[in-house]
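Reviewing the structure listed below.
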Amino acid sequence: MTEIRTRFAPSPTGFMHIGNLRTALYCYLYARHNNGKFILRIEDTDQQRQVENAVEVIYNTLLLSGLVHDEGPDVGGSYGPYVQSERKTIYAKYAQQLIEKGAAYYCFCGKERLDSLVDESGTRKYDKHCLHLSPQEISDNLASGIPYVIRQNVPLDGTTTFIDQVYGEITVENKELHDNVLMKSDGLPTYNFANVVDDHLMEISHVFRGMEYLSSTPNYNLLYNAFGWEIPQYVHLPHIMRDKSHKLSKRQGDANFEDFYNKGYLPEAILNYVALLGWNPKTEQEQFSLEELVQLFDIAGISKSSAIFDPVKLRWLNGLYIKEMDVDEFLTRALPFYRTVKTPVSIALLSTLLQSRIGAFTDIPEKIAFIDNYDNYDLALFENKDAKTTLDMARQTLPVVLNALRDLQQWTNEAIFSLYSTLTETLGIKKKQLLWIVRIALTGHASTPCGASEMCVLIGKKLSLKRLEETVERL
Ligand code: GLU
């Protein structure tokens with residue numbers, strides 16, 4: 001069997017959004033599953049749309065996400081160069097071959113003439129005008145330096161059929177196809193040409209890419225046929241949508257890997273989520289390591305219908321990964337978010353409390369706001385419908401709790417909790433009521449990452465008593 005070779009071929013035109021990452025991931029998974037090769041190729045032939053640093057973003061994303069490529073501009077390989085702008089002479093040579101075969105032709109038409117070909121629906125279909133130039137006219141135009149492009153010469157009749165591994169057999173009438181530009185007037189190829197030449201020369205066996213390329217694939221197949229080259233397997237991937245009617249878009253700055261990473265999302269959680277956007281592992285399991293994905297991935301599980309990117313699901317999955325993190329690793333990643341805390345607290349205990357309660361590391365500042373942000377909190381918090389507590393109840397409860405805590409020798413969660421249990425009996429209130437009142441008095445916040453006894457341990461005896469005293473006075 002020939003070697004499985006997949007390529008991730010991003011254009012450096014912006015951030016790597018979740019859709020780009022998914023293409024990279026599927027290429028990686030398919031190659032690894034089949035002991036094949038995963039190749040990175042930078043498609044930078046559209047110089048006008050290039051964005052500074054976009055190539056760094058691509059490398060960084062692959063590095064952080066652990067999608068290690070076997071060949072590429074940075075690691076080399078025997079099929080280089082892997083950057084399209086460095087392959088100019090290669091494309092020029094193959095474009096000439098197509099011209100000789102009659103499968104492509106020079107086109108000297110200017111903007112004005114091309115604009116006049118736009119029909120009522122706004123579509124511009126080239127009318128093969130320059131296909132009919134005589135050899136003499138062509139060489140005169142070339143000699144006088146008239147700018148030109150090279151166009152594909154698609155047949156006017158017949159059909160082109162191909163099989164996509166996801167969407168099945170597709171047939172188009174050749175008369176629906178356009179004479180695409182293959183080489184631009186700047187001497188660089190378009191994607192419509194470069195992808196064919198490169199996928200052939202780099203011996204790509206499986207082309208994974210977004211389904212927006214499905215409609216141009218017949219054009220590419222005509223080029224493969226003109227060269228007499230074997231056509232690769234196509235695996236077109238369904239769209240990823242922001243919502244029911246909008247695709248994720250690079251230009252709109254939609255969901256991109258670096259943003260999520262910077263917000264404290266874990267690469268393994270992002271990859272796990274992205275893998276399931278358009279691929280069904282056919283099990284109930286939702287959490288998969290990269291190795292498991294490599295084992296399980298198959299083209300048959302790729303769906304035809306669009307997937308909706310759901311940030312809530314991603315957060316949930318990320319929360320699962322955070323919960324399972326090694327304690328030290330959690331602490332290392334959480335520490336930068338603790339830096340602003342001024343009140344001395346037990347960082348180890350804080351981490352234990354937070355680890356099971358956050359969906360992303362950027363949740364931490366809000367979750368720990370109660371530590372410093374205490375003074376003059378709203379006393380109305382004591383009035384709570386769910387817990388059935390009132391200000392009056394707080395007035396009666398807190399002095400008793402304060403005295404009992406003052407006398408407590410053992411400052412542990414268990415000792416404090418059992419003290420609260422005894423006090424609920426003494427005071428004749430429900431435990432839920434006491435816990436609400438004490439927690440509000442200790443934190444001044446309705447939502448905190450732990451209950452009234454753990455809170456005492458977290459902020460220590462001295463500060464606990466001080467906050468209770470302050471509240472008793474205010475009440
Ligand atoms: N350079 C194309 C893009 O970034 C890649 C398409 C492909 O994978 O063939 O959209």
Side-chain angles (χ1 to χ4, degrees), residues 4-31 36-51 53-62 67 69 71-73 79 81-87 91 162 164-167 180-182 184 188-221 223-224 229 231-240 247-258 274 278 299 302:
I4 301 292
R5 291 174 56 83
T6 63
R7 88 295 191 275
F8 175 49
S11 303
T13 54
F15 292 110
M16 275 222 4
H17 68 59
I18 292 298
N20 305 121
L21 182 66
R22 183 190 61 179
T23 307
L25 175 62
Y26 288 6
C27 287
Y28 172 88
L29 295 177
Y30 194 69
K37 292 281 182 325
F38 170 54
I39 291 123
L40 173 66
R41 180 171 80 220
I42 301 293
E43 302 207 324
D44 60 347
T45 59
D46 191 348
Q47 309 257 308
Q48 272 158 17
R49 284 185 49 217
Q50 280 196 51
V51 170
N53 292 335
V55 175
E56 280 72 37
V57 171
I58 293 166
Y59 283 130
N60 236 345
T61 304
L62 292 179
L67 302 180
H69 48 284
E71 296 169 28
Y79 298 80
Y82 293 90
V83 178
Q84 287 186 330
S85 57
E86 294 168 20
R87 300 171 63 81
Y91 308 118
F162 69 99
D164 180 77
Q165 300 292 315
V166 176
Y167 291 90
N180 285 341
V181 171
L182 302 180
K184 295 177 288 179
L188 282 167
T190 56
Y191 171 79
N192 289 329
F193 186 43
N195 90 87
V196 171
V197 172
D198 289 347
D199 286 342
H200 168 73
L201 294 179
M202 295 181 183
E203 295 185 26
I204 300 304
S205 64
H206 290 71
V207 170
F208 286 75
R209 65 182 166 214
M211 67 166 291
E212 59 275 21
Y213 293 98
L214 204 51
S215 60
S216 330
T217 300
N219 277 75
Y220 309 149
N221 289 345
L223 293 175
Y224 279 103
W229 292 343
I231 295 173
Q233 301 288 328
Y234 291 115
V235 189
H236 285 93
L237 307 175
H239 289 316
I240 302 181
K247 277 196 333 176
L248 284 186
S249 122
K250 232 192 263 200
R251 279 177 237 187
Q252 307 241 0
D254 269 334
N256 73 71
F257 178 86
E258 279 206 322
V274 166
I299 293 175
I302 299 176

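First listed ligand is number 1; within each ligand, the first listed atom is number 1. When reading the values below, keep in mind they use all heavy atoms of this one structure, side chains included, and skip hydrogens, waters and symmetry mates.
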- Note on the structure: Of Arg41, Arg5, Lys37, the one forming a salt bridge (Lys or Arg N to Asp or Glu O under 4.0 Å) with Glu71 is Arg5

- Query: Of Tyr213, Tyr191, Tyr220, which has the heavy atom at the shortest distance from atom 7 (C) of ligand 1?
  - Reply: Tyr191

- Structural part of Pro10 in contact with ligand 1, heavy atom criterion under 4.0 angstrom: backbone

- Item | Any Glu212 heavy atom less than 4.0 Å from ligand 1 | no

- Where ligand 1 meets Glu43 - atom numbers and elements under 4.0 angstrom, heavy-atom basis: 1 (N), 2 (C), 5 (C)

- Message: Is the distance between the ring centroids of Tyr30 and His206 under 6.0 Å?
- Response: yes

- Message: I want to know whether Tyr213 and Tyr191 have ring centres closer than 6.0 Å.
- Response: yes

- Query: Taking Asn180 for the side chain and Leu182 for the main chain, is one N or O donor matched with an acceptor at less than 3.5 Å?
  - Reply: no

